[in-house]
Every structure is written in structure tokens, then in C-alpha cells.
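Report on the following structure.
In what follows, chains are A, B, ... by sequence order, proteins preceding strands, each numbered from 1. Computed from heavy atoms alone, side chains included, the values below leave out hydrogens, waters and symmetry copies. For clarity, every value in this text was computed on a predicted model and none was experimentally measured.
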Protein chains: 2
Amino acid sequence: MVSTQYCLPMNDDETLAMIGRLARIVTHDGHAAGLKPAQWEALRYLARANRFSNTPGALTAYLGATKGTVSQTLMALERAGLVRKSADAADRRSVRLELTAAGAALLPQDETLRFAEALSRMDAAQREALNEGLAALLKARLAADGGRTFGLCRDCRHFRRDMEGAGRHRCALLHVPLSDEDTARICVEQEAA
Amino acid sequence: MVSTQYCLPMNDDETLAMIGRLARIVTHDGHAAGLKPAQWEALRYLARANRFSNTPGALTAYLGATKGTVSQTLMALERAGLVRKSADAADRRSVRLELTAAGAALLPQDETLRFAEALSRMDAAQREALNEGLAALLKARLAADGGRTFGLCRDCRHFRRDMEGAGRHRCALLHVPLSDEDTARICVEQEAA
DNA sequence: CCATTTAGTATCGAGTCGATACATATTGGC
DNA sequence: GCCAATATGTATCGACTCGATACTAAATGG
């Protein structure tokens, strides 16, 4: 259990294997409550997406899947009464997504929450190191693929804090005002500051 | 980019989201070379499994899937000429698996190797912290599920190093001699020392 | 105003995956 | 030795995944 301080054993292979196993567990967890892995990913996404990001297109970018696949997943969720679709008034090609009450009620049954339990058994420094390591890894990988980061306003180059008074922020990309509540959710347009 | 040293922001939610996204990318990578995610997992496993662990049963335990699912995945791989099955002489219920030359030749096309590239862009300390964090997380999660660890002899309580001379080790569980080569592969019976 | 782009749906085929049922082979108690 | 319990693996089903391709319809931009 002692940390190897001097002899870095070039254990990237091991790290890759652990990433693979982690992915496997997440996939397996995705069968909780009679749903499927992709459906859980969509549900989790919609629970966290802001009002500019609750569309099939944004979800497609988040999942890195194709439009067709995501469309099918959303149809299954709609059929199950977990997601509601509505037309976008401004752009009539577009669809707005939101969780129904039933969909939101399902979130506590997300099996990946058990990772939070596992995290709680790690000490704070290790947890923080894991968080930063994952962030760096994801960032490098997403950059290589041209993928979007889907972060918070806090870390976004388009964010203008308190531009119109306390708690009244602004997005310099979309040219709209942002409430504090808006900034607590992830955005498809987010770009690192 | 500055590390938050004093204000630990209880960002476990963020960590969970990153784990989910990582899993998504791995799944997506799993469509390389015309294979499927589960097939890549099996291929990677068989490339790393020792001679006590190259069976459908061990793969089932590794993947955390059901026997039926794994059986189907292996049939697809056999059909594609990437995996060869052979009867186990000692236990005629059992099947031994090995990669064919074609299967082994496919390994360099594994898209998850691109995470190694991403890792190479991180500094050594962060990489080491990520490795240890992932290990701790996986260990906690696997322990909660009763899952096996699938590690190396090096870390196994049944390992008896150099018991019969230099490079001639022994497994105290299976009661068999182990070569250096044996110890370089993962084992279904491994238990943390 | 019309070509291009964008948002999303429809359909196909191979595969996934849990569930259930099944066929054998081994093992343990007696 | 014998037979029940157990272990290893396959067969089949149904809903879903997912990339690929083709499609509809709405917005955009010279």
C-alpha cells in the first residue's frame, strides 16, 4: 500500500486496463431499474444539462454517438414515460427534452452512484488527485477527437459574471442573460477559459 | 489550471460524470476494426490472461456479464477467426481460449490505446496519482460487489516467490509451479496479499 | 430564391445482454 | 460406487445498441 515515490513503474498498461474495467462496470450498472446503459447516460445527461443543451443534438455530441442511435434511445425513453419532447418555438427543426417526474424519480436508482460510495472510502487527497487525473485524461482525449468538454459556466471563456448586477451574469457566445441557476448546469457550448 | 489546494470542493459529482464519460468513450472505441465493444474487451483480456484464466468462465467473471452473453461474444470471435477454442484435457466441461495470430495482430488497432497517448501528455506525478486513484476506486467497488481483482502474482497472497530456485515460483492455491512468464499475466484466482 | 447546411427520424443488420432453459461433466456425501 | 448437487458451457428469446445509409423538413446565406 506504500506509494512508489521514486520508482515509477511505467504502469500505463495497468491504468488502461483499469479504465477498461471501469467502463465495463458502468455498462453493467446501466441495466438498473429495467433501463439500458445508453438510456441511463441520457437520463443523467438531461438531469445536468442547461436550457441550451437539452436537445437530441447536444446529447449526441455528449455521447459521441450518431444521431440515429440517440434518436432511438430517446424514443425508448419517451415511450417509457421518462422523457418528454416539445417543439422549440424559435427553431422548428429542433426538439427540447426534459425529464418527466417519473424520469427524475428514477435518478436515485442509478447504480453508478455506488461509485460515490467507493469514493467516500478514499481519503480526500486521493479523491482530489483522481478527480484531477481524470479531468486531465478526458481533456487530452476529447481534444484529440475534437469533442466538446460540456463543463460549467464557471470554467467557460464565454461567461461574464455579474455583468448586469449580482447574480445576473451573461453568456458572450449566445448573447443571453444567465441566472445563478443556469450556471449550475453543463452546457454544450462550453469552452475552457 | 491551478490545483485547488485548500478548498476541496466536494466534486464527487463531477468525478462520477467523468467516469461515465470515460466509459462512453471506451464503448465508442470498441467499434474499431469492425469489432464490437464486448469483443475488444474479450480480446484484451485474452491477451493478458494466464493459463489458469483463459476460459469462458474466467472471462465471464472479469466482464461481470452472464455466461450466455460471453458465450455469444466468443462464438462471434471464433467465427471471425480471432479466437481458438480447445477442450481442456483435465476437465472436459471446460474450454481453453487463445488468440489466433489474426487475433493478436489486431491488438495494435485497439482504439483505447489512444488513452496511452493522452496519459503520455500528463506529468509523471499526475499519472501515478491517477493510477493509484483508479486502483483504489476499483478495489472499493469490486469489493462491494464481491468481484475478483484479476491482478498479478506479484500482488497475490497465494504467490510463493523463488520457492524452488531463482525464477521458479509456486502458487499455493493451485499447487503448481510458476515461471517468470506465468507471473506476468493476470489471474482469475488472484487475491490481494 | 435556391443551394447548402442543420436537426432530427426511419430502417437495416450484426451484436449485446439478461433471462431462462438446457446438456454434460465433475464432485461430495453417504 | 451411486446419486444429488454443483459447475461449465451452449441455445434461444426479446428489447435494445449502434454505425451506416437514406430520408424529411426547417433554417441559412449568398
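- Remark: side-chain polar atoms of B:Thr183 are paired, donor with acceptor, to backbone N or O of B:Asp180 under 3.5 angstrom.
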TODO: Sugar-phosphate atoms are those with a prime plus P, OP1 and OP2; base atoms are the rest. Using that split, label each nucleotide of nucleotides 10-17 of chain C B, S or - for protein heavy atoms under 4.0 Å, 5' to 3'.
DONE: S----SSB
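- Axis angle, first five pairs versus last five pairs of the helix from C:dC1-D:dG30 to C:dC30-D:dG1: 30°, rounded to 10°.
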TODO: Mind running salt bridge (Lys or Arg N to Asp or Glu O under 4.0 Å) on A:Asp29 and A:Arg114 for me, showing each step along the way?
DONE: CA-CA 9 Å; A:Asp29 284 347; A:Arg114 299 186 40 200; 5.3 Å; no
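- Atom C1' of nucleotide D:dT8 and atom CG of B:Leu97 are separated by 12 Å, given to the nearest angstrom.
- The closest donor-acceptor contact from the side chain of B:Ser120 to the backbone of B:Glu117 lies under 3.5 Å.
- Judged purely by distance below 3.5 Å, without hydrogens or angles, the side chains of B:Asn50 and B:Ser53 pair a donor atom with an acceptor atom.
- Nucleotide D:dG9 holds its P atom 9 Å from the NZ atom of B:Lys85, rounded to whole Å.
- The nearest whole Å value for the distance from the CG atom in B:Asp29 to the C1' atom in D:dC18 is 14 Å.
- A:Tyr62 and A:Phe150 have perpendicular rings, their planes meeting at more than 60° on a 0 to 90° scale where under 30° would count as parallel.
- Remark: C1' of C:dG18 and CG of B:Leu63 are 14 Å apart, rounded to the nearest angstrom.
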All N/O contacts under 3.5 Å from nucleotides 26-30 of chain D to the protein, with atom names and distances to one decimal?
unit_1, atom_1, unit_2, atom_2, d
D:dA27, OP1, A:Arg92, N, 2.9

